[in-house]
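Order of the sequence lines sets the chain letters (A, B, ...), proteins ahead of strands, with each chain counted from 1.
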Amino acid sequence: MDRIIFHIDVNNAFLSWTAVDRLKHGETLDLRTIPSVIGGDEATRNGIVIAKSTPAKKLGIVTPETLYSARRKCPGLVVVRPTHEVYKKYSNDLYEYLCNFTPNIERFSIDECFLDMTGTKNLFGDPIELAYKIKEEVKDKFGFTVNIGIANNKLCAKMASDFEKPDKVHTLFDNEIKEKMWLLPIEELFMVGKKSSAILRNININTIGDLANADQAIQERYFKNSGSLLITRANGIDDSEVEEYVAKNQSISNEITSAYDLTNKNEIIKLFLQLSNQVGTRLRKEGFHARVVTIILKNSSFQTYSHQQKLVNPIDTNEEIYKIAKDLLEKGWKNDPIRLVGIRLSNFSVENYKQMSLFDEVKPISNENIQKAMDNLKEKYGSNIIINASLLEKKEGK
DNA sequence: TCTGGGGTCCTAGGACCC
DNA sequence: TCTGGGGTCCTAGGACCC
C-alpha cells in the first residue's frame, strides 16, 4: 500500500511566533503585516537576518543577509531579537496538537514535523481534507499559519510543503512528480546547495527534471557516491521512515562570536571557560559522557578550522572539557585573529563508570558530585547563580 | 554597524597493523 | 635495498539544513 506522509512547516516560524506572542501580551501591531525581521545584534557582530515577514520578503530581504544590507533595502525595517524560549513553547504546542492525529510523528526541526498518515482514512477520512482541517485548526487555536505537504514519501512531502506559501496545502504524489517537480530549478531540490547547483548548472543541468534524467556516470564523476543519490532524489524516490522517537544527539556544541577579533590567548581561553560550562551542562543533562572534544576557531577572514582529541576515558565535567580545550588551543591555534570560538563534544557513551587507565591519576570522587550539585543549583536558581571567578570582569581602575 | 548558531553526514588522507 | 595491499581508526575540512 502506498504510504501517505504529511510534512507540516510553520510559515516564517520565528517571526510568526514572535508576532503571535506579542499580540497575546497586549501588543496591537502585528509584525507579520509590516516589513520586519528577526535578527541579531550588530554591536556584538551577530547582525544577520534569521527570519523575515512577508512584506520584508517582498522588498527583497533574504535569509541570511546582514541587517546592514536589509536596512538599505528597507530603511524603516523593524528588527526584533531572537527569543528561543518563545520558539520552544510554540513548537511544543504544535507538536502536542499534531500528536492527536498519529503516534508516528517525527520532529524534523523546531518548526517542521513529518506525520505518517498511512492507513488513517477510516479514522480521519480523506487525507487532503484532513490536511485542510489541520491547517485551519492550527490557525484558530494558535494564531499562526502552516503549510502542509502530502506525498507518498518524506522527501516529496517536504518538497510539496515548500511550494506556494503561506497557509497552503499541496500534494506531490508519485504520479505528480514529473508535472509538479521536474520543472523546478535545480536549487529547489532538497540537499542541493550553492556548491552543487553551481556544478550542475555548469554541466547544463538546470532543472530537477534534467537531473532526474542525467547520466549516472557523469554524476558520479562530479559527486562521487552522492551522484546517484542526487538522481534518486530528483526522481522523487525516498524510502526513509518517519522516525517517531526523538533521535539522540550525535554531538553537542556551542559557539560564541566575539564582539572584536581576539589576538590574545587569554581572551580565547576565557571564552573556552564559558563554553565548557555550557556544553558540559548540556552533556550531563543528557546523561552522556563524551569521548571526543573539538575546538572550533573562525578567523577574521571567515576561515573555520578545528582541532580535536579522542580520549581513552569519556568525560563529563566542565573542568575536564576546559582543560582539553586549552591543550587543543596550544596545538592548533595559528595565531591568527579569531572571530568565533566553539567547543563541540561527540562520540557519546552513556556508561556512568570510568574505565581506569593504568596511568590515570586517582581522582577524588567528589569532583563529579560537586558538578552535579552545581547543575542542580543552576537549574533551580538560574545559570547566573554560580560563575567562575575568571568570568567576572574586573572593573577598570578598581 | 559586514557576514549567527546549532546540527548531520560525507570524504580525503595519514598512521598503523597484519 | 626495494617493494606491496587491505583494513581500520583518526583527524580535518566541507557541504548542507533550519
Atom CG of A:N225 and atom C1' of C:dA15 are separated, to the nearest Å, by 15 Å
**Request:** Would you indicate what A:R344 reaches in the nucleic acid, counting non-hydrogen atoms under 4.0 angstrom: base, sugar-phosphate, or nothing?
**Result:** nothing
Contacts under 3.5 Å, N or O only, protein and nucleotides 16-18 of chain C:
residue, atom, partner, partner atom, Å
C:dC16, OP1, A:G193, N, 3.1
C:dC16, OP1, A:S196, N, 2.8
C:dC16, OP1, A:S196, OG, 2.3
C:dC16, OP2, A:K194, N, 3.3
C:dC16, OP2, A:K195, N, 2.9
C:dC17, OP1, A:M191, N, 3.0
C:dC18, OP1, A:K158, NZ, 2.8
C:dC18, O3', A:S109, OG, 3.0
C:dC18, O3', A:D111, OD1, 2.8
C:dC18, O3', A:E112, OE2, 3.2

- Item | Distance below 4.0 Å between A:R339 side-chain N/O and B:dC2 OP1 or OP2 | no
A:R32/A:D30 salt bridge by N-O under 4.0 Å criterion: yes
From CD1 of A:I48 across to C1' of B:dT1 the rounded distance in Å is 14 Å
Examine A:F114 together with A:F108 and report whether their ring centres are nearer than 6.0 Å. yes
Rounded to whole Å, CG of A:D41 lies from C1' of B:dT3 at a distance of 14 Å
Sorted by position of nearest nucleotide on DNA chain B, 5' first, the leading residue of A:I256 and A:K224 is A:I256
The single option from A:I269, A:N254, A:L297 that satisfies side-chain contact (heavy atoms from CB on, under 4.5 Å) with A:V341 is A:L297
key: Enclosure of A:K121 NZ (heavy-atom neighbours >12, cutoff 6.0 Å)   = no
5' to 3', nucleotides 6-11 of chain C under a 4.0 Å protein heavy-atom cut-off (B base, S sugar-phosphate only, - none) gives ----SS
So, A:N11 versus A:D167: side-chain donor-acceptor pair below 3.5 Å or not?
no
Here the distance between atom P of B:dC2 and atom CG of A:D261, to the nearest Å, is 12 Å
Legend entry - side-chain hydrogen bond (donor to acceptor under 3.5 Å, both in side chains) assessment of A:S240 paired with A:D238: CA-CA 6 Å; A:S240 67; A:D238 171 29; 3.0 Å; yes
A:F302 CZ to B:dT3 P, in whole Å, measures 6 Å
Taken to the nearest 0.5 Å, the spacing of A:E320 CD from A:N313 CG works out to 9.0 Å
- request: Anything under 30° is parallel, anything over 60° is perpendicular, the rest tilted; go ahead and classify A:F348 against A:F288.
  value: parallel
Report the C-alpha distance between A:H7 and A:E112 in whole Å, list the side-chain angles of each, state the deciding distance to 0.1 Å, and finish with yes or no for side-chain hydrogen bond (donor to acceptor under 3.5 Å, both in side chains).
CA-CA 7 Å; A:H7 179 253; A:E112 292 170 76; 2.8 Å; yes
NZ/NE/NH1/NH2 to OD/OE distance under 4.0 Å, A:D41 and A:R81 = yes
Self-check item: Parallel, tilted or perpendicular, as decided by the 30° and 60° cut-offs, for the rings of A:Y97 and A:F142
Solution: perpendicular
Read 5' to 3' with Watson-Crick or G-U pairs under 3.5 Å, [ ] for crossing pairs and | for partners on another strand, DNA chain C gives ....||||||||||||||
Ranking A:T257 and A:E42 by the position along DNA chain B of their nearest nucleotide, the one closer to 5' is A:E42
When rounded to whole Å, the CD1 to C1' distance for the pair A:I296 and C:dG14 reads 13 Å
Atom CD of A:E255 and atom P of B:dG5 are separated, to the nearest Å, by 7 Å
- request: For B:dC17 versus C:dG4, give the span between their C1' atoms, rounded off to a whole number of Å.
  value: 14 Å
(request) Consider only side-chain N and O atoms of A:R201 and A:N206, and report whether a donor and an acceptor are under 3.5 Å apart. (result) yes
Phosphate OP1/OP2 of B:dG5: any A:K298 side-chain N/O under 4.0 Å
no
A:Y68 OH to B:dG4 P, in whole Å, measures 16 Å
Need one value for A:I252: base, sugar-phosphate or nothing, where a base atom within 4.0 Å counts as base even if backbone is also close, heavy atoms only. sugar-phosphate
